[in-house]
Amino acid sequence: MRSDTAHPLSRGTSGAAWQGWIMVLLCAAAGAAMCGFVVTSPVPWGIKVAILALGALMVPTAKHLSGRILWASVALFGSSLVVWLLPLRLLGQSQGMFLALVVGLLAGGSMGWAWRRGNVLSVAPEIAWLDVVPLASIAVSIVQLRRMLFVHDIPTALTMVIEHWDNSSHIYITRLLRESGQLQIFNGLSFDGTPWGFANYPSGYHATVASVMDVVTTPSGTDVMGELLGFWHVVALLLIVVAVGCVAAVTATPMARKRPWVGTVAGAWMLVLFFLGPAFFPIADGHQNIPMCFLGVCAVFSAVLAADRVWQPLEVGLAVAGVVAAAGAWAPLGALAGVAAVAVVLPFARDRWVGSRTTVTTCVVMVTTGAIALAAIAKWATSGVGGDVLLTAKGGVKTLDGGFQYFVAGALGLAWLTMIAVAWSERHRPGPRIRLVLAGLAPLGAQAIYLYSGHEQIRAIGELRYYVQKLGVSATIIALLYLVFCALYLAPPRDRVVATVSQRRWIGTLLIAISLFAFGTPIMNPYFPGSLAPGLGAFGPATLASEGELLATMLTASKDVPDDQHLVVLTPRLGPITGARYMVVLESVRGTYTDGSSELNNKSVLSTGSGDMVAVAAALVQANPHVTILTDSDSRPKILALIDPRVAGRVVAYE
């Protein structure tokens with residue numbers, strides 16, 4: 001190219017070059033300022049999200065839209081935990097604002113760099129009709145998550161909390177992060193002298209929720225009602241991001257770009273698995289952190305397949321972010337994602353290790369940062385949770401039909417062996433296939449661990465329980481995710497125009513698989529006794545609406561109770577067990593759940609088994625300065641008659 005045809009700031013004198021770099025910096029600063037203004041302005045949260053999403057998609061992490069969607073979604077989940085390790089609140093800044101400023105810097109800097117090179121339009125991604133698939137998944141996601149996304153009243157929000165037990169812990173951890181501005185392991189002891197609840201729980205999922213809440217709501221967590229509604233809105237928003245990211249992980253792979261028809265059907269398969277098939281189970285059960293793991297695993301698979309060389313910052317960064325995102329959400333699946341990520345280094349051909357000093361340094365920094373985050377996660381995951389807890393803990397988990405799980409395990413093994421045969425037959429160019437074979441050790445390992453742990457648990461206590469059940473569902477879903485990627489590499493070589501018999505047969509096979517995994521078969525329905533897929537009925541009309549209304553009444557009655565008080569629900573109208581359940585929900589929503597809460601709950605339940613509930617309430621409020629009794633209007637005078645008048649303010653009627 002002749003020098004006189006280049007952009008005036010891309011070549012020429014050193015002065016012109018400096019002017020170009022100054023323009024890049026000014027554009028970056030302008031982008032950060034604009035994002036900061038958007039976050040702090042009183043515009044609707046949907047507009048804030050749209051502007052920040054557009055900014056993230058302007059960063060040239062990939063040529064096409066699917067790749068940029070994948071990168072942006074995984075970067076959000078993978079970086080949130082790392083950002084929360086920084087003392088940003090001490091600097092007067094929230095983690096959410098920090099992430100928004102980073103998006104603005106990168107978007108503005110990308111725009112300035114493109115202008116410096118004389119091609120401003122290069123910041124826009126290429127859009128093929130294959131990229132419509134992840135965009136279309138947004139609409140499907142909104143329909144499926146509409147109850148969560150558009151909740152506007154407290155009774156419904158509380159109904160969704162109590163429908164599935166793990167919601168309580170997730171809301172509590174997120175609220176504590178928002179109030180303290182730091183991860184809960186750094187908070188020390190609580191107001192009652194005991195550790196804060198769930199202090200050792202890896203909080204990558206909750207850190208992401210808290211960061212986005214900083215952007216779309218307010219930087220502080222003081223309004224109980226607003227926090228509750230904001231939590232559900234943001235969780236629904238992030239689940240949409242996860243679903244779109246999983247679909248984009250398929251449509252961004254090189255083989256999907258070469259075979260758009262197969263890529264389209266495979267992307268649709270991924271979406272159906274997520275919202276109609278078994279991947280919707282964790283969402284419906286209140287384990288919303290598990291889908292975040294699925295996004296991390298899909299990102300690792302996609303990065304492994306695209307890694308033509310080892311020192312590729314974008315692919316290495318995608319794999320690192322995927323592993324950190326999965327580990328921060330649930331450590332066991334993070335370990336499996338890490339096993340799959342090792343496949344980036346294969347095959348050990350010399351030309352795959354060629355890279356400039358800049359690319360090598362960037363990759364090393366990314367891997368080191370990820371290793372530090374993973375070391376912290378590993379420390380949290382192995383402290384505070386003993387093997388007896390993992391073995392005996394109970395909880396609500398929808399389990400897949402055993403026959404369906406065996407079917408998926410068999411399909412996984414067959415696909416893995418087929419990939420080995422294909423890779424062996426193409427030894428002269430084994431690259432992506434041999435990497436996919438090694439990545440397949442992750443789902444195979446998940447199946448093996450599940451079978452072993454399930455066998456040990458049945459032998460020890462005679463049944464499968466909470467953690468092993470969660471692992472079984474997750475292992476089956478990860479196997480299905482892997483099968484989607486295998487389908488891309490076992491498909492016919494070209495399908496620009498679907499004309500050959502083999503192409504039509506392959507696409508027909510994928511369509512049959514979509515039907516199977518979404519709705520089951522007349523012989524074997526893997527989900528519910530009925531004929532509907534789980535995603536079609538999981539978020540239907542609330543079945544516990546009356547409980548949500550009662551909890552809303554209790555929450556309103558307790559709005560003046562200080563933050564250094566535990567709400568112990570003791571009322572003969574509900575009984576001790578229901579009161580204990582309600583106490584956990586209220587304590588979690590208020591952000592006052594501690595180890596002391598659990599002790600008080602157990603004590604109140606055990607005491608009421610052999611004594612009068614009114615007398616137990618009076619004894620608790622007299623003995624513990626951090627207890628406020630929440631009871632019915634008939635029981636309150638009876639309790640007041642048994643206690644010192646000076647503590648009468650700590651007996652509250654909710655009606």
Side-chain angles (χ1 to χ4, degrees), residues 154-155 158 161-162 168-169 171-172 175-176 179 187-198 222-225 227-228 546-655:
I154 298 301
L158 288 169
V161 176
I162 202 169
S168 298
S169 60
I171 288 176
Y172 168 75
R175 179 167 176 81
L176 194 62
E179 287 186 342
N187 287 330
L189 297 179
S190 67
F191 57 86
D192 64 5
T194 64
W196 293 97
F198 311 105
T222 55
D223 177 15
V224 175
M225 308 298 186
E227 287 288 298
L228 181 59
S546 59
E547 289 195 87
E549 293 174 357
L550 180 56
L551 281 166
T553 301
M554 291 180 171
L555 193 61
T556 301
S558 65
K559 60 182 175 57
D560 295 327
V561 175
D563 292 338
D564 63 347
Q565 292 288 300
H566 293 300
L567 281 180
V568 179
V569 181
L570 283 173
T571 167
R573 294 185 183 179
L574 297 177
I577 302 300
T578 300
R581 289 174 59 236
Y582 287 4
M583 176 184 172
V584 173
V585 174
L586 295 172
E587 288 272 271
S588 298
V589 172
R590 295 179 70 243
T592 55
Y593 191 85
T594 68
D595 285 2
S597 301
S598 180
E599 295 172 6
L600 287 169
N601 223 340
N602 293 333
K603 186 176 181 180
S604 63
V605 171
L606 293 175
S607 300
T608 52
S610 58
D612 178 54
M613 193 172 290
V614 171
V616 171
L620 278 177
V621 76
Q622 285 276 107
N624 195 316
H626 296 291
V627 166
T628 290
I629 301 296
L630 193 63
T631 189
D632 58 81
S633 56
D634 294 334
S635 299
R636 185 173 185 270
K638 299 176 183 179
I639 298 174
L640 294 179
L642 300 176
I643 63 175
D644 190 325
R646 289 175 295 181
V647 298
R650 291 196 281 116
V651 180
V652 178
Y654 59 83
E655 58 180 7

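Because the structure is a prediction, the values reported are computed rather than measured. Only this structure's heavy atoms are used, side chains among them; waters, hydrogens and symmetry mates stay out.
- Across Val584 and Ser168, no two heavy atoms sit closer than the pair CG1-CB, 4.2 Å.
- Using bins of under 30°, 30° to 60° and over 60° for the plane-to-plane angle, the ring pair Tyr593/Tyr172 lands in the perpendicular bin.
- Nearest approach of Ala615 to Leu642, heavy atoms of both residues: CA-CD1, 4.2 Å.
- How far CG of Leu228 is from CG of Leu555: 7.5 Å, rounded to the nearest 0.5 Å.
- With rounding to the nearest 0.5 Å, the separation of CG in Asp192 from CD in Glu599 is 8.0 Å.
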- Could you please spell out the steps behind the side-chain contact (heavy atoms from CB on, under 4.5 Å) verdict for His566 and Asn601? CA-CA 10 Å; His566 293 300; Asn601 223 340; over 6 Å; no
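- Residues satisfying the salt bridge (Lys or Arg N to Asp or Glu O under 4.0 Å) criterion with Arg636, sequence neighbours excluded, are absent altogether.
- Within the 4.5 Å cutoff, the side chain of Leu176 has no heavy atoms near those of the Phe198 side chain.
- A donor-acceptor contact closer than 3.5 angstrom is absent between the side chains of Thr194 and Asp595.
- Counting heavy atoms from C-beta on, the side chains of Asn624 and Val568 never come closer than 4.5 Å.
- Here the shortest heavy-atom pairing between Asp223 and Arg175 reads O-NH1, 4.1 Å.
- Going from atom CD of Gln565 over to atom CD of Glu587 covers 9.5 Å, rounded to the nearest 0.5 Å.
- Across every non-hydrogen atom of Ala648 and Ile643, the tightest pair is CA-CD1, 4.1 Å.
- Pairs passing the salt bridge (Lys or Arg N to Asp or Glu O under 4.0 Å) check and including a residue from residues 643-655, sequence neighbours excluded, read Arg573-Glu655, Asp644-Arg646.
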- Intermediate values then yes/no, side-chain contact (heavy atoms from CB on, under 4.5 Å), Glu547 and Tyr582: CA-CA 9 Å; Glu547 289 195 87; Tyr582 287 4; 2.6 Å; yes
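- With rounding to the nearest 0.5 angstrom, the CG atom of Leu574 is 10.0 Å from the CZ atom of Arg581.
- In this structure, the separation between CD1 on Ile629 and CD on Gln622 is 10.5 Å, given to the nearest 0.5 Å.
- Interatomic distance, Ile154 CD1 to Thr553 OG1, rounded to the nearest 0.5 Å: 11.5 Å.
- Looking only at distances, no side-chain donor or acceptor of Arg590 sits under 3.5 Å from a matching main-chain atom of Leu567.
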- Task: Take Val161 and Leu551, measure what side-chain contact (heavy atoms from CB on, under 4.5 Å) needs, and give me the verdict at the end.
- Result: CA-CA 10 Å; Val161 176; Leu551 281 166; over 6 Å; no
- Message: Between Met613 and Val616, does the side-chain contact (heavy atoms from CB on, under 4.5 Å) criterion hold? Intermediate values first, please.
- Response: CA-CA 5 Å; Met613 193 172 290; Val616 171; 5.5 Å; no
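- Shortest non-hydrogen contact noted between Ile171 and Ser588 is CG2-O, 4.2 Å.
- Under the 4.5 Å side-chain criterion, counting only non-hydrogen atoms from C-beta, Thr594 is not in contact with Pro195.
- Looking only at side-chain heavy atoms (C-beta outward), Met225 and Thr556 come within less than 4.5 Å of each other.
- Looking only at distances, a side-chain donor or acceptor of Thr631 sits under 3.5 Å from a matching main-chain atom of Leu570.
- When all heavy atoms are compared, the tightest approach of Ala557 to Ala653 is CB-O, 3.8 Å.
- Using a 4.5 Å cut-off on side-chain heavy atoms (C-beta onward), Ser597 and Thr592 make no contact.
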